[in-house]
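Here the structure is laid out as structure tokens; the discussion comes afterwards.
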Amino acid sequence: MKIAILSRNTRLYSTKRLVEAARERGHVARVLDPLRCYVRIAPGAVAIRYKGREVRDIDAVIPRIGTTSTFYGTAVLRQLEMMGVYTPNPSDAVLRARDKLRCLQILAAQGIDMPVTVFGDNPDDTADVLALLGDPPHVIKLNEGSQGTGVVLAEKRSASQSVIEAFRGLYANFLVQEFIAEAKGSDLRCFVVGKKVVAAMQRDASPGEFRANLHRGGSAVAATLSAQEKRIAVRAAGALGLGIAGVDLLRSNRGPLLLEVNSSPGLEGIEAATGVDVAGAIMDLLQVQAGDVAPGRRARRSALRST
């Protein structure tokens with residue numbers, strides 16, 4: 001198979017591991033910076049070019065799209081989808097996961113439990129919005145933050161109001177959640193590939209920190225999930241349409257709670273903590289889903305170009 005990896009940096013651990021895993025299995029892997037791709041849109045004659053050359057005969061694409069390039073990166077991914085290229089994470093699924101508020105709305109509709117979440121736009125409604133949530137502490141999050149950025153713990157109601165006012169002053173979209181104290185600064189990262197959790201780790205926040213993200217100094221160890229936790233992770237990824245996802249859960253007194261879903265989960269932390277070849281599992285999924293139909297896709301693409 002010919003596999004494209006949409007990534008802005010070939011030196012990133014996740015990007016390198018995906019290339020290695022592809023080549024170990026005899027596939028051709030190419031890294032494309034989505035911001036260097038440009039497209040032609042016309043009825044029956046869509047095309048994409050990269051650094052002056054046409055991108056063609058790609059069988060599968062793995063999007064590794066960062067938050068700063070969501071709009072353009074998903075547009076490039078959509079163009080590849082229009083050309084008949086298989087992706088485990090379609091552009092619409094990436095957009096659903098990237099918007100935290102939309103993601104939680106979709107998953108709540110599926111009956112997946114999560115920390116109580118509120119949002120509101122008008123400053124006159126702030127007090128009543130917080131009343132919907134309950135007593136502090138409150139966790140205030142930017143709607144499109146990642147790796148723990150834009151996440152603030154407010155221990156008093158006055159602090160919540162101050163942070164909300166500051167975010168509004170920056171014209172930022174945000175949401176406010178209940179703080180799950182019994183989680184004690186720990187969460188679970190469940191790595192879903194296809195319809196299976198292939199690896200899981202428990203992340204623990206560093207002293208004095210409430211965010212368990214490894215980029216915030218947290219530590220990680222392999223985790224053993226309950227059957228319920230596995231089901232929730234797989235259901236959440238499936239509800240968003242993601243074939244590859246990092247699903248974050250909290251262990252609470254009322255059971256597992258979904259924290260968020262990442263459509264471009266990093267591989268370094270999970271592979272180091274668990275010893276699982278996650279990149280290989282991703283390539284195996286592509287082989288099953290795209291490998292057998294690759295010749296047919298190539299034929300359709302040839303017909304599309306000749307139209």
Side-chain angles (χ1 to χ4, degrees), residues 1-37 48 50-51 55-70 72-74 76-81 83 85-91 93-94 97-98 146-147 189-201 214-215 220 233 237 240-247 261-294 297:
M1 279 195 305
K2 293 183 179 180
I3 300 169
I5 300 167
L6 292 183
S7 172
R8 298 217 59 211
N9 190 344
T10 59
R11 297 186 298 274
L12 291 175
Y13 177 93
S14 298
T15 304
K16 290 191 295 184
R17 283 289 295 121
L18 290 169
V19 171
E20 290 169 2
R23 291 175 178 171
E24 286 171 359
R25 288 159 175 76
H27 305 308
V28 176
R30 183 182 183 189
V31 179
L32 304 178
D33 179 348
L35 299 190
R36 292 298 305 275
C37 296
I48 185 168
Y50 181 72
K51 296 183 178 180
V55 176
R56 57 190 301 176
D57 297 331
I58 300 296
D59 299 307
V61 56
I62 301 173
R64 300 287 309 174
I65 298 169
T67 56
T68 59
S69 55
T70 298
Y72 197 89
T74 52
V76 170
L77 178 59
R78 191 178 305 114
Q79 186 82 355
L80 289 166
E81 292 174 69
M83 295 166 60
V85 178
Y86 165 78
T87 179
N89 286 1
S91 53
V94 173
R98 189 58 51 81
S146 65
Q147 299 175 348
R189 163 58 61 91
C190 313
F191 207 109
V192 177
V193 178
K195 296 182 179 180
K196 181 181 178 181
V197 176
V198 298
M201 63 180 174
L214 299 185
H215 287 82
L240 296 174
L242 295 170
I244 299 169
V247 181
V261 181
N262 192 321
S263 62
S264 295
L267 304 184
E268 186 170 10
I270 194 96
E271 289 195 336
T274 66
V276 175
D277 180 9
V278 178
I282 292 172
M283 289 303 151
D284 292 343
L285 173 70
L286 263 61
Q287 179 64 48
V288 170
Q289 296 297 325
D292 293 339
V293 295
R297 281 198 171 92

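Residue numbers start at 1 and run along the sequence shown. Computed from heavy atoms alone, side chains included, the values below leave out hydrogens, waters and symmetry copies. Everything numeric here is computed off the predicted structure, so don't read it as measured data.
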When rounded to the nearest 0.5 Å, the distance separating CD1 of I270 from SG of C190 is 8.0 Å
Check your understanding: Got a donor-acceptor contact below 3.5 angstrom from the Q79 side chain to the I48 backbone?
Key -> no
Minimal heavy-atom distance between A199 and V278, with the atoms involved, is CB-CG2, 4.0 Å
With sequence neighbours left out, the residues meeting side chain to side chain donor-acceptor pair (under 3.5 Å) with T274 are none
Side chain to side chain contact (heavy atoms under 4.5 Å, CB included) between M283 and I62: does it pass, once the steps are laid out?
CA-CA 10 Å; M283 289 303 151; I62 301 173; 3.5 Å; yes
Check your understanding: Quick one: does L18's side chain get under 4.5 Å of R64's, heavy atoms only?
Key -> yes
Of L32, L80, V55, the one forming a side-chain contact (heavy atoms from CB on, under 4.5 Å) with V61 is L80
Rounded to the nearest 0.5 Å, the OH atom of Y86 sits from the CD1 atom of I3 at a distance of 11.0 Å
Correct closest heavy-atom pair for L285 and G243 would be CD2-O, 3.8 Å
When every non-hydrogen atom of T74 is compared with those of S91, the smallest separation belongs to O-CB, 3.6 Å
For R189, the salt bridge (charged side-chain N to carboxylate O under 4.0 Å, His left out) test, sequence neighbours excluded, returns D248
Applying side chain to side chain donor-acceptor pair (under 3.5 Å) to Y50 and not counting sequence neighbours gives none
With sequence neighbours left out, the residues meeting salt bridge (charged side-chain N to carboxylate O under 4.0 Å, His left out) with R17 are E20, E271, D277
*For side chain to side chain contact (heavy atoms under 4.5 Å, CB included), just list the numbers for K2 and R30, CA-CA rounded to whole Å, side-chain angles, deciding distance to a tenth of an Å, and then say yes or no.*
CA-CA 8 Å; K2 293 183 179 180; R30 183 182 183 189; over 6 Å; no
Taken in chain and number order and not counting sequence neighbours, the residues that satisfy side chain to side chain donor-acceptor pair (under 3.5 Å) with D33 are R8
For A245 and A237 the tightest heavy-atom approach is CB-CB, 3.9 Å
Does the side chain of P88 reach to within under 4.5 Å of the side chain of Q289, using non-hydrogen atoms? no
In this structure, CZ of R98 is separated from CG of L240 (nearest 0.5 Å) by 12.0 Å
Without swapping roles, check the side chain of N89 against the backbone of I244 for a donor-acceptor pair under 3.5 Å.
-> yes
Dump the intermediate steps for side chain to side chain contact (heavy atoms under 4.5 Å, CB included) on V197 and V247, then the final yes or no. CA-CA 9 Å; V197 176; V247 181; over 6 Å; no
Query raised in the report: Ignoring hydrogens and geometry, is there a side-chain-to-backbone donor-acceptor pair from Y72 to C37 under 3.5 Å?
Result: yes
task = Apply side chain to side chain contact (heavy atoms under 4.5 Å, CB included) to the pair L242 and V192, showing each step before the final yes or no.
result = CA-CA 9 Å; L242 295 170; V192 177; over 6 Å; no
Residues at least two apart in sequence or cross-chain that pass side chain to side chain donor-acceptor pair (under 3.5 Å) with R25, listed by chain then number, are D284
**Prompt:** Is the backbone N or O of L267 less than 3.5 Å from a side-chain atom of S14, with the two atoms forming a donor-acceptor pair by type?
**Reply:** yes
